[in-house]
Every structure is written in C-alpha cells, then in structure tokens.
Amino acid sequence: TQLQSKAATHPYPDWKPGSSVPYAALCQTFSLIEMTTKRLIIMGHCSLFLRQVMRLTPDDLLPTVLLMINKLAPDYAGIELGIGESLIMKAIGETTGRSLQVIKADQKEIGDLGLVAVKSRSTQPTMFKPKPLTVRGVHQGLMNIATVTGNGAQGRKVDGIKKLLSAADAHSTVKADITKDKGGPSEAKYIIRFLEGKLRLGLADRTVLVSLAQAIVCHEAEQKGKVPSTTDFENGESILKTVYSELPSYDAIIPAVLAHGITKLRECCKLRPGVPLKPMLAKPTKAITEVLDRFEGQKFTCEYKYDGERAQIHYVAKDSGQELSQETSGAAKEAAGGVASIFSRNSEDLSKKYPDILAKLHTWVKNDTKSFVLDCETVAWDVSDKKVLPFQQLMTRKKKDVKLEDVKVKVCVFAFDLLYLNGNPVVEKPLRERRELLQQSFAPVEGEFAFATFMDGQELDEIQLFLDESVKASCEGLMVKMLDGAESGYEPSKRSRNWLKVKKDYLAGVGDSLDLVVLGAYHGRGKRTSVYGAFLLACYNPADETYETVCNIGTGFSEQALEELHGQLSATVIDRPKPFYSHSLGGQHQPDVWFEPRHVWEVKTADLTLSPRYKAGCKEGVDPAGEKGISLRFPRFIKVRDDKKPDEATSSRQVAEMYRKQESVTKNKGPSVDDDF
Ligand code: ATP
C-alpha cells in the first residue's frame with residue numbers, strides 16, 4: 001500500500017502525460033531495486049513504475065520492459081550488442097577525457113565498469129547540458145550500436161556509446177557516489193551494465209513478467225474507477241504467464257494488451273508460426289527404476305534420445321491463407337511451397353544453417369497439412385549406411401550462410417512433438433493425441449525426415465532392452481514422457497517431471513552431464529605450451545546473477561580442440577575477474593587468465609564432492625558451515641554447447657540437487673576433491 005500511495009506522485013516534473021519516459025526515472029527504480037534482495041519489494045518497485053508508464057506514456061511500455069530485462073528485442077531477432085570490455089573502457093575514457101590507463105587502473109581497483117563510469121563522470125566538469133535521456137532514446141541508441149555493421153563498425157559502436165554516456169547524468173540532481181548505495185541511481189552505470197549484458201539488480205525476467213501483470217491489472221481497474229481484487233491479480237498473472245509461455249515476445253504481447261486489455265489477451269496472442277517457444281526440458285534420472293517410481297500407475301512412453309541439435313521448425317504453406325508473421329519474425333525464410341523458420345534450443349535463427357531442410361520440408365507433409373510447428377532433433381546422417389552419425393559430425397557443418405550446393409554433412413530430422421497444426425496450437429492436448437496428429441499429418445522420407453522411435457511398454461525389462469537398442473542406434477539414451485491426461489501437455493520453457501531423460505552413461509552416476517561456463521584458464525605445460533592446458537569452469541546462479549566456480553578441467557580435449565579453444569578464448573581475455581564471478585580467493589587457485597563469460601561446455605563427471613576451493617551451491621546450504629562449495633570429481637570435456645547462453649548453463653540449484661541425490665552424500669562419506677590437470 002505504501003508503494004501504491006507513492007504512485008500518485010513522481011519526482012520527474014518533465015514527465016507529463018504523453019511525453020517520453022525519462023531514463024532517469026527508470027534508473028531511480030533500478031536503484032531502489034538494487035538496494036533490496038526481497039523479491040516482493042523488488043516486484044513492488046517494478047510494477048509501480050510500469051503502472052506509471054502505462055498511465056502517462058503507454059507507448060513507451062515496450063522499450064521500458066525491454067530495458068528492464070536487459071534485451072533489445074526477442075532472441076530470435078538475433079540482435080546482439082557484441083561489445084567487449086575493451087571497447088567500453090575506450091568509450092568511457094574518450095567521453096570523460098580520462099586516459100585508458102587510468103580507466104584500466106580504476107577497473108582493477110573497483111572491479112565494476114558501471115561504477116568506473118560513475119566515478120569518471122563525477123570528476124568531469126559539465127560544459128553544456130545535453131538533452132535528458134529518455135527510455136525510448138536509450139533503447140534506440142543501444143539498438144543503433146547493436147546493428148552497426150561493415151567497415152569501421154567497432155569505431156562507430158564506440159561513438160554510439162560515447163553519445164549515450166555524454167548525455168548520461170547531465171541533469172541528475174543526485175550526485176552519484178560510488179562509495180554509497182552501490183553508486184546510486186546513475187544513468188551511466190546502468191547503460192554500461194546493459195552493454196555488459198548484466199544489470200545485476202536481482203531482477204529476474206519472471207519477476208518483470210509478474211510485475212507487468214500486476215501493473216496492467218491495477219491500471220485497468222483504475223481506469224474503471226475500481227480497486228482490483230486478489231482474484232483479478234491472480235487471473236491477470238495466470239493469463240500473462242500462459243500467453244508469454246506460448247508467445248514469448250513482448251513485441252507482440254505489449255501492443256496487444258494495450259489495445260485489447262488483459263482479459264482478451266489469450267484470444268489475440270496465441271502460439272503462432274514465426275515466434276519460437278522456449279522448449280520443454282526434461283529432468284535427469286539415474287536409474288530406470290526411478291522412472292518407474294515417478295510414473296507409477298500412469299501411462300508413459302519411451303523415445304530414443306537422439307544426439308544432435310534441437311530444432312523447432314515453423315512452416316506456413318503459400319495456399320494456407322495464413323501468414324508467418326513477418327513483423328515478429330526477422331527469421332522467416334522463403335521455403336519451397338511456403339515460408340518457414342528453424343529455431344535453436346535458445347530461440348536463435350538456424351535457417352541460414354539448414355537450407356537443405358528449408359528446401360525439403362514441404363515434401364514431408366501430407367496434403368491437408370498447411371501450417372505447423374514441430375519440435376525435432378536434427379542428426380547427422382550416413383547416406384550410404386543409412387544410419388545416424390555421432391554428434392561430432394553435425395558440428396563440422398558451417399553455421400551461417402550455408403549454400404545448398406555446399407552441404408556435405410546430410411542431416412535427418414527426427415520429429416518428436418507437434419505444437420501447432422493448421423492454424424491452431426495443440427500444446428494443451430495430451431501427448432498421445434499430439435503424436436497421432438503428427439503421424440497423420442506427416443510422411444517420413446528416408447534419410448530426411450522420421451518420427452522419433454518410440455516404445456510404449458511399461459515393464460522394466462522392455463525399457464532396459466529399448467535403452468540398449470537406442471545406444472546401438474547411436475543415441476544418448478531415452479526420453480521417457482507422460483502419455484495421457486492434462487499432465488502430458490507440452491509445457492513450454494519448463495523443466496518438467498513429465499519428461500525424464502535416461503542417459504546410458506549416467507546410470508548410477510550423477511544422472512546427467514553439466515553445462516558449464518568457462519571463466520578462466522591455466523597456461524599449458526610440456527606438449528601444451530602454446531595453448532591453454534586447463535580451464536576453470538562455473539555454474540550459474542540466476543538468483544543473484546553470479547557465476548560460481550565448480551571445477552578445473554584438463555581432460556577430454558583433443559590437441560586440435562585445444563588449439564581451436566585457445567583461438568576462441570584468447571579473444572575474450574579480461575584483466576581481472578568480473579565482479580559477478582564467485583570464486584575462491586586463494587592465490588594458488590587463481591587461473592593465469594580470466595575470460596568474459598561467453599562459452600558453455602558440456603562436461604561429464606564421476607561424482608560431486610564438497611571443496612573449500614569452489615563456490616558452486618554455497619548459497620544452497622549444501623555445507624552447513626557455509627564454507628565449502630560443490631566440485632566435480634574427474635571432470636571430462638564432452639563438447640562445446642553453442643546452443644546455450646551462459647545464463648542457460650547448469651544452475652547452482654541443479655548442481656546442489658545432483659549433489660544431494662548422490663548416494664555418497666546420504667551415506668555421509670563424500671570423497672575428497674581431486675582436480676584434474
Ligand atoms: P538440459 O541439459 O538443459 O536438459 P539439454 O539441451 O542439455 O538441456 P539434454 O539433457 O541433452 O538437454 O536432453 C534434452 C534434449 O534432448 C532436448 O533438448 C533435445 O534436443 C534432445 N532430444 C533428443 N531426442 C529427443 C526426444 N525424443 N524428445 C525430446 N528431446 C529429445
């Protein structure tokens with residue numbers, strides 16, 4: 001209530017109805033959020049601000065929400081800032097008339113470039129006052145920086161940053177002070193943090209979504225002169241969450257909610273070809289008996305777990321009378337017979353990688369199939385022996401601008417789910433029905449398109465046999481899925497108990513591999529002197545947006561892999577660890593070089609153990625004394641995970657869950673830590 005009563009007034013006299021939202025007002029909200037860790041308070045600040053935006057400048061609601069979630073556009077639009085620390089330091093130096101050396105020294109001392117920018121500005125005399133920054137202007141300025149291409153792009157990116165920085169804080173009445181309240185509501189600080197890709201406010205995307213729902217409900221009630229009830233809030237939240245899970249695009253949802261209101265949102269914002277859904281994910285298991293326990297008394301199905309690349313294929317035939325919404329999908333491509341797009345596990349556009357799929361997919365459909373969204377795995381295919389090839393073969397394919405005539409590694413698409421058919425979403429139907437529709441609507445083409453092999457037997461022996469067969473067929477193991485009832489619906493973006501993965505390699509181990517972020521490396525010795533010999537890896541803690549170290553790794557790399565990784569990683573070296581790296585401070589455990597958090601690797605481990613050297617899961621209460629983190633024993637590199645972003649790496653909570661599920665922990669005799677290099 002206290003927060004709500006503040007909604008009537010705001011300290012920005014220039015912000016009149018219809019005028020652009022001052023960026024300073026958003027930064028003020030960021031600063032309030034940054035001062036607390038309590039989720040309800042964060043949500044209160046966030047929804048209060050969004051409500052003001054809806055009341056005064058609804059046209060700016062979309063850029064405001066995007067700046068809150070540190071995004072410029074939906075993932076599938078492929079807009080990346082592509083800016084490293086050195087460019088940012090250059091821009092700060094040039095804007096504030098300080099030398100690069102001084103900026104670097106400050107960065108070493110302060111460790112947060114946002115605060116370095118605050119410090120640099122506060123020492124600079126203001127000669128003239130540029131126009132105050134607006135939310136729309138900052139969004140556009142950042143967009144310009146992201147979309148610069150061609151000759152001299154780097155220089156023009158620096159110019160773009162300088163333009164924003166020179167207008168930042170020029171009108172602030174509050175003097176930013178890096179010694180107080182984390183720098184206060186400084187515009188420069190948040191611009192720099194946005195450029196770095198981490199606002200570090202503890203403002204999760206989900207919190208923004210719920211806050212937006214609250215703001216909409218309040219605003220709509222206010223317009224009708226009513227006070228919203230608890231049920232209104234619950235309904236609003238549930239509608240927005242469902243709609244966002246099917247159509248994760250604020251670019252589509254926000255204009256629709258402003259035009260039609262929250263109660264009509266489900267009708268006008270449905271899953272649609274062209275906008276990728278966040279895929280449904282599976283929980284790991286360690287034994288087939290665990291699968292049987294989970295599904296006891298309910299029907300389930302087992303499918304081969306193909307080892308390739310996830311692909312969500314969207315298609316609309318020319319004669320369907322429908323459109324694959326071009327305005328929401330920059331990724332739409334002309335395909336034979338219609339328009340199509342292919343998206344990766346993290347909603348990036350794969351169309352340029354798979355022109356061979358685009359050219360053929362119209363031949364997989366039966367006559368009356370006019371539009372669809374399929375969930376599939378693309379797998380490298382051996383044309384002469386007619387069988388699946390290992391994942392490594394798929395990795396040798398070029399990723400961009402592949403020409404049809406240059407395709408050497410053929411792929412076969414294995415479809416395991418159908419999410420949309422002929423104008424209608426089918427995600428809520430039970431899996432058994434979706435599978436029937438899939439089989440009725442498509443026809444397999446040898447070596448190009450197939451249905452995932454499945455088996456509906458419910459007995460332990462049958463499943464064991466099917467698992468063995470899947471491994472013989474070069475698969476990773478099985479996916480076991482709930483088959484009937486409401487629980488078997490497709491749950492976008494959810495790691496669900498209704499899908500379990502059984503990986504052959506992990507039976508009786510930790511249940512799954514981990515996807516970890518490379519934070520640092522150690523120079524190689526002996527044969528490995530010209531490359532990195534070992535690496536420091538971390539999991540991700542979304543609660544406070546930190547990377548927590550989990551192991552050193554030096555095994556599983558071929559000579560060639562080490563050379564390639566050296567090339568990729570050297571380009572991302574930074575002077576010192578980022579302030580959001582949670583690592584052991586002991587000198588001997590520091591890597592020789594630190595990296596930007598860009599690369600995700602899949603890693604196998606024998607088991608997990610507690611260690612004072614690492615920080616993974618420290619905040620999950622795994623060590624009652626709070627001193628030790630979780631670490632991997634005998635970690636082994638499996639592959640690079642290009643399809644995962646660093647914040648999609650295995651989370652600290654998942655690592656803690658794996659650790660707790662381990663038998664050695666329940667027996668209370670954890671093995672000692674054993675670094676592997
Ligand atoms: P995470 O580790 O986050 O679960 P991941 O991408 O590493 O994600 P995996 O552990 O490899 O996931 O298992 C799920 C993945 O398996 C899917 O994302 C998909 O790419 C692949 N897959 C292969 N066959 C199937 C199938 N029949 N059903 C569902 N997914 C399948």
Side-chain angles (χ1 to χ4, degrees), residues 276-286 291 300-313 342-348 350 374-380 388 390-391 394-395 411-419 431 434-435 438 450-456 463 466-467 469-471 473-483 488 490-507 509-517 539-540 542 600-605 638-655 657-658:
L277 290 73
K278 296 272 173 230
M280 180 167 174
L281 300 169
K283 292 241 182 211
T285 55
K286 294 196 304 176
V291 171
F300 58 85
T301 182
C302 300
E303 293 172 359
Y304 280 6
K305 183 177 190 310
Y306 295 91
D307 192 9
E309 178 171 28
R310 194 156 186 171
Q312 206 180 85
I313 304 181
I342 307 174
F343 298 104
S344 72
R345 183 188 184 284
N346 60 21
S347 305
E348 281 171 1
L350 289 179
L374 281 176
D375 204 353
C376 320
E377 189 85 351
T378 59
V379 183
V388 165
F391 175 81
L394 188 67
M395 282 299 97
V411 293
C412 181
V413 172
F414 286 89
F416 52 79
D417 220 321
L418 178 69
L419 316 183
L431 175 56
R434 299 202 302 280
R435 189 152 78 186
L438 176 68
F451 302 125
T453 306
F454 66 89
M455 192 268 319
D456 289 350
I463 304 170
F466 193 58
L467 174 63
E469 283 166 14
S470 80
V471 174
S474 297
C475 291
E476 272 188 303
L478 301 180
M479 295 291 289
V480 189
K481 303 176 177 177
M482 182 79 91
L483 194 53
S488 72
Y490 189 90
E491 301 169 88
S493 77
K494 221 169 159 196
R495 188 174 297 285
S496 170
R497 298 172 69 235
N498 301 320
W499 274 21
L500 301 182
K501 49 186 170 187
V502 184
K503 291 193 189 174
K504 174 83 174 164
D505 284 0
Y506 296 102
L507 291 181
V510 295
D512 203 0
S513 52
L514 294 95
D515 298 312
L516 302 171
V517 184
C539 58
Y540 184 62
V600 180
W601 293 350
E602 184 174 346
V603 169
K604 220 164 150 173
T605 183
I638 305 181
K639 65 186 180 224
V640 171
R641 288 293 307 248
D642 279 338
D643 60 339
K644 278 197 169 180
K645 294 194 177 138
D647 58 9
E648 289 172 309
T650 304
S651 70
S652 322
R653 182 159 294 174
Q654 285 174 299
V655 178
E657 244 173 57
M658 283 180 178

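In each ligand, atom 1 is the first atom listed, and ligand 1 is the first ligand listed. What you see is a predicted model, and the numbers here were worked out from it, not measured in a lab.
Under the 4.0 angstrom criterion for non-hydrogen atoms, Glu602 is not in contact with ligand 1. Judged by the shortest distance from any of its heavy atoms, Met280 lies outside the 4.0 Å radius around the atoms of ligand 1. The shell of residues lying under 4.0 angstrom from ligand 1, judged by heavy atoms, excludes Glu648. At least one heavy atom of Lys481 sits closer than 4.0 Å to an atom of ligand 1. Heavy-atom separations between Tyr304 and ligand 1 include at least one value shorter than 4.0 Å.
For ligand 1, the atoms closer than 4.0 angstrom to any heavy atom of Lys644 are 1 (P), 2 (O), 3 (O), 7 (O), 8 (O). Shown in contact with Asp515 at under 4.0 Å from a heavy atom are these atoms of ligand 1, numbered in order with element: 2 (O), 7 (O). Residue Arg641 approaches ligand 1 through these ligand atoms, each under 4.0 Å from one of its heavy atoms: 5 (P), 6 (O), 7 (O).
Shortest contact from atom 9 (P) of ligand 1 to any protein heavy atom: Lys305 NZ, 3.4 Å. Nearest to atom 24 (N) of ligand 1 among the protein's heavy atoms is Tyr306 N, 3.0 Å. The protein atom (non-hydrogen) at minimum distance from atom 31 (C) of ligand 1 is Phe416 CE2, 3.7 Å. Closest protein heavy atom to atom 17 (C) of ligand 1: Arg310 NH1, 3.4 Å. Shortest contact from atom 12 (O) of ligand 1 to any protein heavy atom: Lys501 NZ, 3.9 Å. Scanning the protein heavy atoms around atom 8 (O) of ligand 1, the nearest turns out to be Arg345 NH2, 3.0 Å.
Within a 6.0 Å radius of NZ in Lys494, other residues, nucleotides and ligands contribute 12 heavy atoms or fewer. When the shell of 6.0 Å around CZ of Arg497 is examined, it contains 12 or fewer heavy atoms from other residues, nucleotides or ligands.
Residue Glu377 touches ligand 1 through its side chain alone, judged by heavy-atom distances below 4.0 Å.
Judged by distance alone, the side chain of Asn346 and the main-chain N or O of Asp643 form a donor-acceptor pair under 3.5 Å. Put simply, the side chain of Glu602 never gets that close to the backbone of Ser513: no donor and acceptor are under 3.5 Å apart.
In summary, the side chains of Thr453 and Tyr306 do present a donor paired with an acceptor at a separation below 3.5 Å, with no hydrogens or angles considered.
Asp375 has a carboxylate O that lies under 4.0 Å from a charged side-chain N of Arg310, or vice versa, which qualifies the two as a salt bridge. In this structure, Asp456 pairs ionically with Arg435, as a charged nitrogen and a carboxylate oxygen lie closer than 4.0 Å.
At least one side-chain heavy atom of Leu281 sits under 4.5 Å from a side-chain heavy atom of Arg345. The side-chain heavy atoms of Lys504 and Lys305, taken from C-beta on, include no pair separated by under 4.5 Å.
Contact between Cys302 and Phe466 at its shortest, heavy atoms only, is O-CE2, 3.4 Å.
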